[in-house]
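All ligand and atom numbering here is 1-based and tracks the order in the structure. All figures in this text were calculated on a predicted structure; none of them were measured in a lab.
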Amino acid sequence: MPALVLLGAQWGDEGKGKATDLLGGSVDYVVRYQGGNNAGHTVVVGDQKYALHLLPSGILSPGCTPVIGNGVVVDPSVLLSELSGLNERGVDTSKLLISGNAHIITPYNVTVDKVTERFLGKRKIGTTGRGIGPTYADKINRVGIRVQDLYDESILTQKVEAALDAKNQILTKLYNRRAIAVEQVVEELLGYAEKIKPYVADTVLVLNQALEDDKVVLFEGGQGTLLDIDHGTYPFVTSSNPTAGGACTGAGVGPTKISRVIGILKAYTTRVGAGPFPTELFDEDGEALRRIGGERGVTTGRDRRCGWFDAVIARYATRVNGLTDFFLTKLDVLTGWEQIPVCVAYEIDGKRVEELPYSQTDFHHAKPVYEMLPGWSEDISKAKSFSDLPKNAQAYVKALEEMSGAPISAIGVGPGRDETIEINSFL
Ligand code: GDP
Ligand code: IMO
Ligand code: MG
């Protein structure tokens, strides 16, 4: 059984943590391939709730090896505190593997993220302030610091010097901030080196050997399709590739190894941070979705913007990721509405458009065209099979499936592991 990718089909927070955890017991490796601790993945096991930021959700499944791939950006202080937080709760984290090629989020990357946002003022992206964009920028500019650099003090010093050379000019002259001292950064980073060392591995080799041995590898995306640096609503995106191709580059596994790409899709839509969002609600319905769905950011605690389901987005996610399946989450949150609007197309400058517009200007002008679907009032949180759902809930799922372009193979009816209806097996 080869590799599966599980990723966000909208703007993040679709329920990737829960979906990964559900499969965690049946897979051998769970791999994060992009992003960093901008992610907030919630896993509910019994009465225990975990919020994972950098670590793959598979860390909560005892048989599974969690892997941080080369495409991830790693903040060492966050890594160590997340590990110790889990250890205190009795979770064994000793199997974790971290790619030596993963880039490090340094303290100056976090500073640059925050001052850049402040400088942008009204035009800000609304980043998580975790240093994600500046760290990927350093990677692309070839002045990044990698995990393996922590083990060669001379190289580390040279690289920090090179990175700070231009940054200190910008910090002092443009942003009116104090310069950051090379020695201080090097000292802090060296302080993490020995603590992280037991986990550092050639993860590309490990994963490819595992696939040759017929082990099951699950790639857990962070963020979502519309936050992708290439395919998302640029510039209101994150700085990595959450889409399916990112799993190949971010873990060093060829596309021929990937057999299944599962899009996690919320039964409505949410977004955190700035940027266009055609179905966004500013009324009581939006407030109700936020309240009933508990739509508050796991990482930054910000209220999430809420809106109705957008089938144009879902079709787009199917296309750019080559989705084989959807996992529809939070259907239970829609219980109680008499009618549920679903966006089936956009109207842009008086014309009906069925697919995501290519131009940013058009997307900013897109108005949702809604179709009303009949709602249901029965509690669905105990439903175990599709036929347990009220007829109107079944029809809602079938309509979404039809519009979105891939089969809905699982449905979430609550946050817990067992609050899931499995339609087609993923493994
Ligand atoms: P992720 O970033 O994609 O992992 O998603 P988040 O954890 O940020 O947000 C999803 C939230 O929805 C979490 O609080 C989950 O516990 C919760 N959740 C996931 N699936 C379901 C579901 O089917 N029903 C309900 N009610 N909550 C869910
Ligand atoms: P998970 O994995 C939702 C958003 C931020 C901001 C933009 C850029 O939990 O789904 P960044 O700090 O990445 O440079 O911020 O991306 N963002 C997320 N939104 N869920 C996430 O992760 C996100 N990670 C980043 O709010 O708009
Ligand atoms: Mg999240």
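- The shortest contact between atom 24 (N) of ligand 1 and any protein heavy atom is with Asp332 OD1, 2.8 Å.
- At least one N or O atom of Gly15 sits closer than 3.5 Å to an N or O atom of ligand 1.
- Near Ile125, meaning under 4.0 Å from any of its heavy atoms, are these atoms of ligand 2: 27 (O).
- Residue pairs that meet the side chain to side chain donor-acceptor pair (under 3.5 Å) test with at least one member in residues 110-121, sequence neighbours left out, are Asp113-Thr127.
- Between Leu7 and Tyr33, the closest side-chain pair of non-hydrogen atoms falls below 4.5 Å.
- Heavy atoms of Trp11 found under 4.0 angstrom from ligand 2 belong exclusively to the backbone.
- Among all protein heavy atoms, the one lying closest to atom 12 (O) of ligand 2 is Thr128 OG1, 2.6 Å.
- Asp325 and Asn424 share no side-chain donor-acceptor pair at under 3.5 Å.
- For ligand 2 and Gly40, the ligand atoms under 4.0 Å from any heavy atom of the residue are 1 (P), 9 (O).
- Counting only heavy atoms of the protein, atom 10 (C) of ligand 1 lies nearest to Asp13 O, 3.8 Å.
- In this structure, the ring-ring contact (aromatic ring centres under 6.0 Å, His included) partners of Phe119, at least two apart in sequence or on a different chain, are Tyr175.
- Look at Gly12 and you'll find every heavy atom at least 4.0 Å from all atoms of ligand 1.
- Across all their heavy atoms, Ser404 and Phe309 have their closest contact at OG-CZ, 3.7 Å.
- Checked against a 3.5 angstrom limit, the closest N/O atoms of Glu14 and ligand 1 fall inside it.
- Taking distance alone, with nitrogen or oxygen atoms compared against 3.5 Å, Leu331 stays at or beyond that limit from ligand 1.
- Only backbone heavy atoms of Val237 (N, CA, C or O) come within less than 4.0 Å of ligand 2; its side chain stays farther off.
- Atom numbering of ligand 1 starts at 1 in the shown order; those under 4.0 Å from a heavy atom of Gly412 are 23 (O).
- Around the Mg ion (ligand 3), protein N, O or S atoms at less than 2.8 Å comprise Asp13 OD1, Gly40 O.
- Annotation for Thr420 and Ala410: closest pair CG2-CB, 4.4 Å, computed over non-hydrogen atoms.
- When only modelled atom types and interatomic distance are considered, Ser387 and Ser385 share a side-chain donor-acceptor pair under 3.5 Å.
- Side chains of Glu220 and His41: a donor-acceptor N/O pair is present below 3.5 angstrom, by distance only.
- Close N/O approach between Gly17 and ligand 1 is found [any backbone or side-chain N/O within under 3.5 Å].
- Among Leu96, Val78, Val91, the one residue that satisfies the side chain to side chain contact (heavy atoms under 4.5 Å, CB included) test with Leu83 is Leu96.
- For the residue pair Ser99 / Asn70, no side-chain donor-acceptor distance below 3.5 Å is found, with atom types taken as modelled.
- Leu331 has its side chain within reach of Val397: a pair of non-hydrogen atoms, C-beta onward, lies under 4.5 Å apart.
- Taking atom 1 (P) of ligand 1 as the reference point, the nearest protein heavy-atom neighbour is Lys16 N, 3.5 Å.
- Each of the following atoms of ligand 1 lies closer than 4.0 Å to a heavy atom of Val298: 8 (O).
- Panel note: side chain Arg315, backbone Arg319; no donor-acceptor pair is recorded below 3.5 Å.
- A donor and an acceptor atom, one from each side chain of Thr243 and Asp228, are located under 3.5 Å apart.
- Using a 4.0 Å cutoff on heavy atoms, Gly224 does not count as a contact of ligand 2.
- In this structure, atom 27 (O) of ligand 2 lies nearest to the protein heavy atom Val272 O, 3.1 Å.
- Residue Gly222 has at least one heavy-atom neighbour below 4.0 Å for each of these atoms of ligand 2: 2 (O).
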Show me, pair by pair, the donor-acceptor contacts under 3.5 angstrom made by side chains of residues 42-54, not counting sequence neighbours?
from	atom 1	to	atom 2	distance (Å)
Gln48	OE1	Arg89	NH2	2.8
His53	ND1	Ala39	O	2.8
His53	ND1	Thr299	OG1	3.2

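- With a 4.0 Å cut-off on non-hydrogen atoms, Ile264 does not touch ligand 1 at all.
- The shortest N/O to N/O separation between Lys330 and ligand 1 falls below 3.5 Å.
- Among all non-hydrogen protein atoms, the one lying nearest atom 17 (N) of ligand 2 is Leu227 CD1, 3.8 Å.
- Ala163 and Tyr108 get closest at one heavy-atom pair: CB-OH, 3.4 Å.
- Nearest protein heavy-atom contact of atom 5 (C) of ligand 2 is Gly126 O, 3.6 Å.
- Protein heavy atom at the shortest distance from atom 15 (O) of ligand 2 is Thr127 CA, 3.3 Å.
- Residues Asn87 and Ser84 bring no donor and acceptor atom of their side chains to less than 3.5 Å of each other.
- Nearest heavy-atom pair across Cys343 and Tyr370 is N-CD2, 3.6 Å.
- For Arg304, the closest heavy-atom approach to ligand 2 does not fall below 4.0 Å.
- Residue contacts with ligand 2, taken as heavy atom pairs separated by less than 4.0 Å, involve Lys16 solely via side-chain atoms from C-beta onward.
- Shown are Arg271, Arg304, Arg302, Arg290; of these, the salt bridge (Lys or Arg N to Asp or Glu O under 4.0 Å) with Glu295 is made only by Arg304.
- Those atoms of ligand 2 with a heavy atom of Ala39 less than 4.0 angstrom away are 1 (P), 2 (O), 9 (O), 22 (O).
- Thr42 CB, 3.9 Å is the protein heavy atom nearest to atom 15 (C) of ligand 1.
- Counting protein heavy atoms only, atom 22 (C) of ligand 1 is closest to Gly414 O, 3.2 Å.
- Between Val110 and Gly129, the closest heavy-atom pair is CG1-O, 3.7 Å.
- For the ring pair (Phe, Tyr, Trp, His ring centres under 6.0 Å) with Trp308, the qualifying choice from Tyr268, Trp337, Tyr396 is Trp337, the only one to do so.
- Given atom 13 (O) of ligand 2, the protein heavy atom at minimum distance is Thr238 OG1, 2.6 Å.
- Selection from His41, Lys18, Arg304 by nearest heavy atom to atom 9 (O) of ligand 1 gives Arg304.
- Closest to atom 23 (C) of ligand 2, if we only count protein heavy atoms, is Gln223 CG, 3.7 Å.
- Annotation for ligand 1: atoms under 4.0 Å from non-hydrogen atoms of Gly40 are 1 (P), 2 (O), 4 (O), 6 (P), 7 (O), 8 (O).
- With a 4.0 Å cut-off on non-hydrogen atoms, Arg302 touches ligand 2 through its side chain and not its backbone.
- Between Ala179 and Asn168 the shortest heavy-atom distance is CA-OD1, 3.4 Å.
- Between the side chain of Lys18 and the main chain of Gly414, a donor-acceptor pair closer than 3.5 Å is present.
- The pair Glu14-Lys330 does not count as a salt bridge, with every side-chain nitrogen at least 4.0 angstrom from each carboxylate oxygen.
- The protein heavy atom nearest to atom 20 (N) of ligand 2 is Asp13 OD1, 3.2 Å.
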